[in-house]
Structures are given as structure tokens and as C-alpha cells.
Protein chains: 2
Amino acid sequence: MARAAGVSQATVSLVLGEKWHGRVSEPTAEAVRAAAEQLGYRPNLAARSLRLGRTRTALLVVPALTSEFFARVYAGAARVAADNGFGVVLYPSPEGVGPAQDPFTSARAALDGVIASSMAADALAALQDGGLPLVMLDSDPADSAAAATVNPEVADGMRQIAGHLLSLGHRRLVHVAAAVDSWTFRERARSLAEAVRGVPGAVVHTEPTALEVEAARAAAERALSRPGPRPTALVCDDDLLAAGACKAARRLGLRVPEDVSVTGFDDLTLATALEPELTTVRLSAEQVGAGGMHALLTALEGRPPTSATIPVTLFPRASTAAPPPA
Amino acid sequence: MARAAGVSQATVSLVLGEKWHGRVSEPTAEAVRAAAEQLGYRPNLAARSLRLGRTRTALLVVPALTSEFFARVYAGAARVAADNGFGVVLYPSPEGVGPAQDPFTSARAALDGVIASSMAADALAALQDGGLPLVMLDSDPADSAAAATVNPEVADGMRQIAGHLLSLGHRRLVHVAAAVDSWTFRERARSLAEAVRGVPGAVVHTEPTALEVEAARAAAERALSRPGPRPTALVCDDDLLAAGACKAARRLGLRVPEDVSVTGFDDLTLATALEPELTTVRLSAEQVGAGGMHALLTALEGRPPTSATIPVTLFPRASTAAPPPA
DNA sequence: GTGAAAGCGCTAACAA
DNA sequence: TTGTTAGCGCTTTCAC
């Protein structure tokens with residue numbers, strides 16, 4: 001303790017907590033700081049948490065951190081948290097081996113709030129009885145018991161993709177759709193269908209697939225091999241799926257984008273690592289994470305949190321072009 | 001408190017802490033468990049940590065979580081931690097904006113130990129005075145003050161890559177090297193140079209680059225355009241760099257692998273999303289993370305932690321072939 | 001087999 | 001302007 005070293009008792013608390021102005025003399029304050037510095041003293045967080053009843057820790061529930069997208073969501077949330085003296089702990093990915101753990105078994109009492117992605121559907125049940133402020137990410141703004149929702153504008157993103165493709169002249173589209181039952185993917189499908197519906201002669205066929213390159217390749221190959229006129233554009237729910245779609249095209253001897261156009265979603269590193277570079281929609285995952293943390297902090301301060309919406313941007317690159325003449 | 005609800009006082013502690021055998025009667029224990037269940041009672045972690053002086057929390061220091069590799073390291077560490085009632089908190093990526101934070105300013109007193117990657121070099125200084133058990137990942141086994149080191153066998157991986165390429169007949173290699181000053185990359189360079197040295201007529205030129213696709217593309221393009229006989233194989237320190245190398249080759253009108261072979265390192269998702277699929281070495285990042293956590297837990301139990309070594313595997317795929325005849 | 005009591009390090013209210 | 005004190009919820013002796 002700096003108490004023995006310095007001069008006083010809990011004056012230390014005031015000084016180190018920056019609450020001493022007008023209550024502790026400047027010399028004393030300086031002495032305390034010097035002693036703390038010299039002893040390498042750090043306040044004990046457990047004691048502080050116990051006393052305060054708050055832990056300055058938020059739980060982030062994401063389906064799989066190994067995905068670049070959610071790693072970025074974490075990065076954004078952690079940055080905002082750190083700026084506010086908060087920490088972020090992750091709910092162990094359900095992907096992992098071992099028993100699916102109740103996020104609260106080990107953590108509930110040590111949390112101030114929860115930020116959850118809609119994709120981690122199975123974890124939501126456990127959150128119901130939490131009684132903690134909850135901010136949902138990329139989720140249905142309507143139905144949740146959340147204090148706030150922070151969503152990238154996925155519908156707008158899909159609308160932009162569709163607009164881009166339709167104005168290039170594409171009329172036979174395939175939606176290479178993530179077979180994941182979550183609001184964000186339903187929204188994308190809805191938005192795409194709506195955009196296509198407005199254009200005479202345009203159709204969209206849906207080909208569901210698991211969220212993996214190999215599964216997407218198989219799905220896209222299926223879609224491109226169906227009887228009837230070949231689709232000219234593959235609209236994928238994720239850059240990863242788009243990578244699979246490109247592989248499918250090449251395996252069938254088709255060129256991207258000359259014979260078939262392919263679009264992604266997210267703008268991961270992958271999008272520009274591929275050849276041709278993917279036309280895709282950038283969702284700023286960091287902003288989603290940061291927005292979620294902001295909303296949670298607001299809720300924690302007792303103010304009504306503002307549901308936010310993160311704009312998205314279409315990046316037209318080399319994987320899309322006008323459809324072949326035929 | 002379950003105290004009021006149940007029947008007794010701190011008997012609760014014994015029962016819930018599984019320390020009651022032979023000290024509390026079976027009926028009482030059952031009653032406590034029932035009450036706890038019914039009230040949804042969870043022990044307060046802050047209080048427990050305060051009392052015990054331990055937090056069951058480890059810090060994982062990684063350069064950038066947005067990279068798939070380190071996300072996997074985290075996943076592995078978190079899995080092992082969870083199995084042992086531990087949590088893992090991440091050191092905010094130095095990449096992020098905002099002031100570079102001392103990991104201990106907010107966390108030191110709340111940590112039991114530290115796991116650090118060598119790539120987070122700048123953070124190491126701050127760790128020196130930690131006084132906490134430290135496990136290093138992918139770092140020089142010799143020089144560190146670490147209790148243990150957990151390393152994937154990168155030298156062996158590079159040896160396998162070199163062997164693969166040399167036996168295909170390649171003699172003019174380029175090492176597209178990550179311009180990051182860390183042990184793991186020095187080790188790769190050393191191992192590659194050594195393997196090539198054993199083969200008469202074989203040479204390796206080093207082309208340093210930042211760890212990004214676009215920078216790697218530029219570096220590879222430079223290497224392939226140098227005067228003199230063109231290199232026939234590009235050995236990259238990372239799959240991401242290999243993606244850049246492939247783009248460089250195509251931009252110069254060269255085919256992969258017919259005109260030039262390309263190899264990666266890590267076997268990220270990217271490796272099989274690209275075309276051709278990358279010949280690469282799989283480093284099990286999860287195992288590195290898990291091994292690191294195991295070593296830390298061992299150290300925390302007072303037993304001497306065992307430095308571990310994680311074997312790597314060469315995956316020969318479509319990005320390598322015999323060099324062109326000329 | 002169970003309860004009473006102390007104390008982990010901190011903060012906030014109050015006394016001096 | 002500073003020190004004293006109580007108590008956050010838990011674990012752990014130690015009496016009973």
C-alpha cells in the first residue's frame with residue numbers, strides 16, 4: 001500500500017481517482033503520486049469492483065472470432081471500451097469443442113452489460129434472464145428485448161449490389177445465400193428480391209449454402225449447371241462465398257467477369273486478395289463494434305441509448321461486368 | 001444472498017465450491033443447491049478475487065486480432081482457459097487508433113499471468129516489470145525472461161517448403177519476406193537460406209515487404225522484374241503475401257504455377273480461397289494458443305512449465321509445379 | 001456438521 | 001485539508 005509509503009490513508013484513493021481537487025492540497029497530492037510511481041503501485045481492481053458494484057466489463061457475444069469480420073467487431077468495441085476504462089470479454093465461440101458454456105456461469109456477476117450479435121442465436125436464450133443491459137448487433141430492430149440495436153445497413157448494401165448488376169444489364173441472378181437463420185441474412189434476401197422485382201424480366205434464384213468456401217463452390221456450381229438459360233451474376237452473402245463462387249465458375253470453364261459476374265459482401269481482406277478483385281459492399285465491422293459499445297455505455301449511464309445505423313459502401317471492382325451478349 | 005433464502009451462512013461457500021464432502025451433510029448441501037438454483041444465485045467474482053488474491057484471468061498480447069492467425073491463437077487459448085475456469089483478456093491491438101496503452105494501467109492487478117506473441121514487440125517493455133508469469137509465443141526460446149515458450153516449428157516448415165521446391169527442380173528462389181523484426185521471421189529466413197545452401201546452384205534473393213497484399217504484390221513484381229534470369233519460385237512468409245505474389249505474377253503475364261511457383265505460410269482460409277490453391281505450411285494457431293495457456297496454467301500451479309513445440313505440416317497444392325524448361 | 005467472525009483493498013460518508 | 005470508519009461478498013479458520 002501507498003499508505004505506509006506515502007503520508008496518508010484513503011487520501012490516496014482521492015488523488016489516484018482524480019477526485020482530490022479542492023479537497024487535498026497540491027503538495028500532498030504530488031507526494032502521493034510520487035510514492036505510487038515509486039512503488040509501482042496499482043489499485044486492486046477486484047476490490048474496486050466489489051466496492052463499486054460495477055466491473056467496467058462488457059461481454060461481447062459473437063459466433064466465431066476466427067472470422068475476420070467479428071475480429072474487427074471486437075477491435076472496434078475494445079477500442080471504445082478502452083477509451084472509457086472498460087474491458088471487453090468474449091463469449092467463447094460455440095464453434096469450439098467442449099461443452100457449450102453458459103456465458104454467465106463464469107461471468108455473469110462480473111459483467112456490467114452485454115453486446116450480442118444476432119448470429120450467435122443459441123446464446124441468446126441464456127441471455128434472457130440476464131437482467132443486464134443488452135445491445136444487439138446486426139439484428140432485427142423490432143423484436144428484441146434489447147436496449148438498442150446497432151445495424152449496418154445491409155438492406156441498402158444489397159440494394160446497391162442489385163442496382164449495380166441490373167444497370168450493367170444482368171437479368172438472371174443467383175443469390176448464393178448463407179444458410180444461417182438470422183435476421184441479417186433474411187434482410188439481405190428480402191432486399192435483393194425487392195430490388196429485382198422492380199425490373200421487368202429480372203429474376204433471382206436462391207441457392208443456399210453453408211458459410212464456407214467449399215460449400216459455396218458446390219452451391220454455385222449447382223446454380224450454374226441448372227437446366228435453362230445460365231445465370232449471369234452470382235450475388236453472394238459474404239466475400240468467402242464469393243471466393244467459392246469464383247472457383248465454381250472457373251471449374252465450369254467460365255470466366256469472371258466476362259461470362260459471369262460475382263459479388264461479395266463485407267469487404268474482407270480476401271476481397272482484394274482474390275483475382276479478379278471482388279466487387280463487394282464494405283460493412284465497417286469496427287464501426288459496428290464501436291457503435292455497440294457506445295450504445296452500451298450510454299445505457300449504463302442511465303441515458304436512453306440510441307439505436308444506430310452504420311452506412312455501407314459499394315466497391316465496384318473487377319469481378320463484375322456487363323453480361324455476355326448471347 | 002442464498003444465506004437468507006437457504007438455511008445457513010457460509011456453508012454456501014463450501015457447497016458451491018465443492019469443498020463440502022465430509023463437512024456438510026448431504027441434505028443441507030442439496031438444500032443449498034436448490035436455493036441457489038431457485039434464486040438464480042451466482043457468486044460475486046470480484047469478492048472472490050479480492051479474497052483469494054487471484055483473478056483467474058490471463059492477458060493475451062497479440063499484434064492484431066483482425067488477423068485470422070491471431071484470432072485462432074485466441075480461440076485456442078480461450079478454450080483451454082474456459083476448461084480451467086479461467087478467462088482471457090486481450091491487450092488492445094497497438095494497431096488501433098488512440099494512445100498506445102500500458103497493458104497494466106488498467107489491468108495489472110487483475111491478472112494472474114501473461115501470454116505474449118513476439119510480434120507484439122513494443123508491448124514487451126511494459127511487461128518487464130510485470131512480475132507476472134510470462135509465456136511467450138513463437139519467440140526466441142533463448143533470450144526471453146519467459147517461464148516458457150510455445151513455438152510452432154517454423155524452421156521445419158520452411159525446410160519442408162524449400163525441400164518441396166528444390167526437389168521440383170527450382171534453383172532460383174525469392175524469399176518474399178515480412179519486414180517485421182521478430183524472431184519467427186528471422187528463423188524462417190535462416191532456415192530457408194540453410195536449406196538452399198545445401199544445394200549446388202541454388203540461390204535465394206530476399207525481397208522484404210510489409211505484411212499486406214498490396215505491398216507484397218509490389219515486392220514480388222520487383223523481384224520478378226530484376227535483370228538476369230527470372231526466379232522460378234516465390235517463397236512467402238505468409239499466405240497473405242502469397243496472394244500478393246500471385247497477383248504480381250499475373251500482372252506480368254506469368255502463370256502460376258506453370259511459369260512461377262508460389263508458396264504461402266500459415267494455411268489460412270485464404271490459402272484455399274485463392275486460385276490456384278496455395279501450397280503452404282499449416283501452423284495450427286489454435287494449438288499455439290492452447291499450448292500457451294497450458295504452459296501458463298502449469299506455471300501458475302507452481303510447477304515448472306514445459307516449453308512446447310507445435311509440429312507443422314506441408315500442404316502441397318496447386319500453386320507449385322516444376323519450373324519452366326527454358 | 002454448522003455458525004460466527006475476520007479480513008482481502010477499495011471508496012464514500014463523515015469527523016476532526 | 002486530512003484521517004477514521006464502515007462495508008461491498010466472499011473464503012477460511014476456529015469455536016461450538
Side-chain angles (χ1 to χ4, degrees), chain A residues 1-36 39-57 85-87 104-112 131-132 300, chain B residues 1-36 39-57 85-87 104-112 131-132 300:
Chain A
M1 272 68 63
R3 347 215 125 152
V7 265
S8 48
Q9 214 287 263
T11 310
V12 172
S13 180
L14 291 175
V15 175
L16 265 42
E18 287 301 334
K19 304 199 155 123
W20 60 280
H21 300 281
R23 318 222 260 142
V24 175
S25 74
E26 175 58 51
T28 322
E30 186 46 48
V32 170
R33 276 192 293 260
L39 272 73
Y41 168 82
R42 305 284 172 181
N44 179 314
L45 259 49
R48 185 203 300 258
S49 293
L50 178 57
R51 178 68 239 250
L52 263 22
R54 286 167 296 108
T55 56
R56 302 191 81 77
T57 299
F86 265 67
F104 295 120
T105 296
S106 57
R108 182 201 224 172
L111 298 173
D112 285 350
L132 292 168
L300 255 19
Chain B
M1 272 69 63
R3 346 214 129 151
V7 264
S8 49
Q9 216 285 264
T11 310
V12 172
S13 181
L14 292 176
V15 175
L16 266 42
E18 288 301 331
K19 301 198 160 126
W20 60 281
H21 299 280
R23 317 223 261 144
V24 174
S25 72
E26 175 58 51
T28 322
E30 186 46 47
V32 170
R33 275 190 295 259
L39 273 74
Y41 168 81
R42 305 284 171 181
N44 180 314
L45 258 51
R48 185 205 302 263
S49 294
L50 178 57
R51 178 68 237 254
L52 262 26
R54 286 167 296 108
T55 55
R56 301 190 82 76
T57 299
F86 264 69
F104 295 119
T105 297
S106 58
R108 181 201 224 168
L111 297 173
D112 285 350
L132 292 169
L300 255 18

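Below, chains carry the letters A, B, ... as their sequence lines are ordered, and counting in each starts from 1.
- Here the closest non-hydrogen pair linking A:A46 and B:S49 is CB-CB, 3.6 Å.
- Here B:R48 contributes atom CZ and A:L50 contributes atom CG; the two are 13.0 Å apart, rounded to the nearest 0.5 Å.
- Residue-level contact check: B:G22 touches the backbone only, with heavy atoms under 4.0 Å from sugar-phosphate atoms and none from bases.
- A donor-acceptor contact closer than 3.5 angstrom links the side chains of B:T55 and B:D112.
- End-to-end axis angle of the helix from C:dG1-D:dC16 to C:dA16-D:dT1, from C1' rotation axes over five pairs per end: 50° (rounded to 10 degrees).
- Comparing D:dT12, C:dA12, D:dC10 by their closest approach to the side chain of B:K19 singles out D:dT12.
- Rounded to whole angstrom, the span from the CZ atom of A:R51 across to the C1' atom of C:dG9 amounts to 11 Å.
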Practice prompt. Would you check, one step at a time, whether the test side chain to side chain contact (heavy atoms under 4.5 Å, CB included) holds for B:F86 with B:L300?
Written response: CA-CA 12 Å; B:F86 264 69; B:L300 255 18; 3.8 Å; yes

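- Contacts of B:R54 classified as salt bridge (charged side-chain N to carboxylate O under 4.0 Å, His left out), with partners at least two apart in sequence or in another chain: none.
- Taking side-chain N and O atoms only, A:S13 has no distance below 4.0 Å to OP1 or OP2 of C:dA12.
- For A:S25 and D:dT2, the shortest distance from a side-chain N or O to OP1 or OP2 is below 4.0 Å.
- Toward the 5' end of DNA chain C, the nearer of the two residues B:A29 and A:L52, judged by each one's closest nucleotide, is B:A29.
- In this structure, OG on A:S13 lies 7.5 Å from NZ on A:K19, to the nearest 0.5 angstrom.
- Residues B:V32 and B:W20 form no side-chain contact, since every pair of their non-hydrogen atoms from C-beta on lies 4.5 Å or further apart.
- The CG atom of A:L16 sits 16 Å away from the C1' atom of C:dA12 (whole-angstrom rounding).
- Look at B:S49 and you won't find any side-chain N or O under 4.0 angstrom from OP1 or OP2 of C:dC8.
- Rounded to an integer number of Å, the gap from CZ of A:R54 to P of C:dC10 is 16 Å.
- Spacing between atom CD of A:E18 and atom C1' of C:dT11 amounts to 15 Å, rounded to whole angstrom units.
- Atoms CG (A:L50) and C1' (D:dC10) sit 8 Å apart, rounded to a whole Å.
- Whole-Å rounding puts the A:E30 CD to D:dT2 C1' distance at 18 Å.
- For B:T11, taking side-chain heavy atoms from C-beta onward, the closest of the listed nucleotides C:dT2, C:dC10, D:dT12 is C:dT2.
- Going from atom OG1 of A:T57 over to atom CG of A:L45 covers 8.0 Å, rounded to the nearest 0.5 Å.
- Within 4.0 Å (heavy atoms only), A:R23 reaches at least one base atom of the nucleic acid.
- Of the side-chain N and O atoms in A:T28, none sit less than 4.0 angstrom from OP1 or OP2 of D:dT1.
- Nearest nucleotide to the B:L14 side chain, out of D:dT1, D:dT12, C:dG9: D:dT12.
- One atom, CG of A:L45, and another, C1' of D:dC8, lie 15 Å apart when rounded to the nearest Å.
- The side chain of A:N44 sits closest to C:dG9 out of C:dA12, C:dG9, D:dC10.
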